[in-house]
There are 2 protein chains.
Amino acid sequence: MEQDQLSQVFAALADPTRRDIVARLAVGDATVSELAEPYEVSLQAVSKHIRVLTEAGLLTQRREAQRRPCHLEAEVFDLMTKWIERYRRQAQERYERLDAVLAELQDAENESHRTNQGAAS
Amino acid sequence: MEQDQLSQVFAALADPTRRDIVARLAVGDATVSELAEPYEVSLQAVSKHIRVLTEAGLLTQRREAQRRPCHLEAEVFDLMTKWIERYRRQAQERYERLDAVLAELQDAENESHRTNQGAAS
DNA sequence: TTCCTAATCAACCGATTAGTTGAGTAGGTG
DNA sequence: CACCTACTCAACTAATCGGTTGATTAGGAA
C-alpha cells in the first residue's frame, strides 16, 4: 500500500525494537545478523523490521559478499523534525500569546481598580 | 496494553487524519464535532482518533456543557524531538567525521605526492 | 561439486487497528 | 417533562502488524 513518507516514518519509529535498531545504526553501520544478535526474536523478524525502516527511507542497505550492511540515512529525520517543529512552535506561540493577553487583561483590570471602582469580574 | 509513551506518540502521528487533527489544534482549541466536520468518516471514528491522541499525551479535553473541547499539549513534542535529534546528530556527526577522515586521507595523499610528511592528527 | 553462511521470501497465526452501526450518557432547551 | 445536542461506549468487521517456521536465493570456502 502506497502511504505518504511521513506516515511511514512515524509508523516505523512507533516500534521500540526498530527505534533500538536506529539507535545502534547511529553508532555505525551493521549487518542484519549483527543487528539481530541482541534480540531473542528470529533473524527473519529483524529482517522484516529492517524492511520497514528501509521503506520509510530511514536506512539503506548495500551489498558486501553475502552480507547486507545497513546504513542510517539521517536526512529523513529532518522531515519529521520539520513537521513537529512547525506545530509545536505554533501551539507554543499561541500559548504565549494567550499569556500576553491574560497579562494585558490583568493590567487593564488593575488600572480600572485605581481609576474607576466597580469593575465586573 | 501499557506501551511506552514514545511508541504511543509515534504511532498516534503515523495516521494522516490524526496529524491533520493536531495541525488544526495548533491553530486553536476545537470540539469533537468541529474537528470531525472536514472528514467524511463518522463522528465516532474521529472520537477514537482523539482518544488515541489523548492517550499519547498529545492533547487534553476539558468539559464545556455537552462539548468537550480539545487542547494541544505542546510539551510531548519535545520528547520526540529529543529522541530524533539525538540520533540524527549522532549519525550526522559520524557522517561528517567520515568526511573529515576522507578529506584528511586525500590531503595526506596530495602531501605525500609533493613531499613525504604524514598528516595524521 | 558440495557445504556453509547471510539474508530474503512465503505462508500462516494471533493481536491490534481503523472503520462501521447501534445504543447509552451527560447536559442544555422548549 | 420530553426532546435535542454532543459525545462516548460496545460490538462487529476487514485489514494490517509482529511474530513464527520452512523454503529459497546469493555468495564464498572446502
Side-chain angles (χ1 to χ4, degrees), chain A residues 1-25 28-72, chain B residues 1-25 28-72:
Chain A
M1 276 293 153
E2 277 287 312
Q3 226 190 163
D4 64 295
Q5 190 173 19
L6 206 44
S7 294
Q8 284 189 85
V9 174
F10 278 126
L13 295 178
D15 185 283
T17 305
R18 284 195 293 257
R19 280 202 306 279
D20 215 57
I21 289 173
V22 167
R24 282 198 69 208
L25 288 174
D29 295 3
T31 66
V32 179
S33 337
E34 279 166 0
L35 289 170
E37 197 268 322
Y39 314 104
E40 357 69 78
V41 299
S42 66
L43 182 74
Q44 289 94 319
V46 174
S47 181
K48 274 192 184 182
H49 281 310
I50 288 166
R51 206 168 73 89
V52 172
L53 289 165
T54 304
E55 279 170 0
L58 278 158
L59 57 89
T60 51
Q61 278 178 290
R62 64 180 188 284
R63 184 121 209 176
E64 212 169 73
Q66 312 102 303
R67 268 147 264 117
R68 281 162 181 81
C70 301
H71 173 78
L72 191 63
Chain B
M1 271 292 156
E2 277 286 313
Q3 228 190 161
D4 64 294
Q5 190 173 20
L6 205 46
S7 295
Q8 284 190 83
V9 174
F10 278 127
L13 295 178
D15 186 283
T17 306
R18 284 196 293 257
R19 281 202 306 281
D20 215 57
I21 289 173
V22 167
R24 282 199 68 210
L25 288 174
D29 296 1
T31 66
V32 179
S33 336
E34 280 167 359
L35 289 170
E37 197 268 322
Y39 314 105
E40 359 67 81
V41 298
S42 67
L43 182 73
Q44 289 95 319
V46 174
S47 181
K48 274 192 183 182
H49 281 310
I50 288 167
R51 206 168 74 89
V52 172
L53 290 165
T54 303
E55 279 170 359
L58 278 158
L59 57 88
T60 51
Q61 280 178 291
R62 63 181 188 285
R63 184 120 210 175
E64 212 170 73
Q66 312 102 301
R67 267 146 265 120
R68 280 160 181 81
C70 299
H71 173 77
L72 191 63

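Residue numbering restarts at 1 for every chain, and letters A, B, ... go by the order of the sequence lines. Being a predicted model, the structure only gives us computed values, none of them experimental.
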Apply side-chain contact (heavy atoms from CB on, under 4.5 Å) to residues B:D29 and B:E64 and explain how you reach the verdict.
CA-CA 12 Å; B:D29 296 1; B:E64 212 170 73; over 6 Å; no

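If you find the closest nucleotide of DNA chain D to A:A65 and to A:H49, the one lying nearer the 5' end belongs to A:H49. Annotation: of the two residues near DNA chain D, B:K48 and A:A11, the 5′-most nearest-nucleotide partner is B:K48.
In this structure, B:Q61 places its CD atom 15 Å from P of D:dA6, rounding to the nearest Å. In this entry the distance linking CG of A:L43 with P of D:dG18 reads 17 Å, nearest Å. Here C:dT17 presents its C1' atom at 12 Å from CD of B:Q3, a figure rounded to the nearest Å. Per the geometry, CD belonging to B:E64 stands 19 Å off P belonging to C:dA26, to the nearest Å. Remark: P of C:dT16 and CG of A:D15 are 14 Å apart, rounded to the nearest angstrom. Here D:dC17 presents its P atom at 13 Å from CG of A:L53, a figure rounded to the nearest Å. When the P atom of D:dA6 is taken as reference, atom CD of B:Q66 falls 7 Å away, rounded to whole Å. Summarising the geometry, the separation between CZ on A:R62 and P on C:dA6 is reported as 16 Å, rounded to the nearest angstrom.
Relative to the side chain of B:A45, the nucleotides D:dA26, C:dT8, C:dG19 differ in distance, and C:dG19 lies closest. Checking D:dG19, C:dT20, C:dA26 against the side-chain heavy atoms of A:V41 singles out D:dG19 as nearest. Proximity note for A:Q44 (side chain, C-beta onward) versus D:dG27, C:dC9, D:dG18: the nearest is C:dC9.
Salt-bridge check for B:K48 with B:D15: failed, with every basic side-chain N at 4.0 Å or more from each acidic carboxylate O.
Residue B:R18 places at least one side-chain N or O closer than 4.0 Å to OP1 or OP2 of C:dA18. A close approach under 4.0 Å does not occur between any side-chain nitrogen or oxygen of A:S42 and OP1 or OP2 of D:dG19.
When heavy atoms are screened at a 4.0 angstrom cut-off, B:T17 is found touching no nucleic acid atom at all.
The backbone N or O of B:T60 lies less than 3.5 Å from no partner atom in the side chain of B:T54, so there is not a single donor-acceptor pair. No donor-acceptor pair under 3.5 Å is formed between the side chain of A:E55 and the backbone N or O of A:Q8.
To the nearest 0.5 Å, atom CD of residue B:Q61 and atom NE2 of residue B:H71 are 12.0 Å apart.
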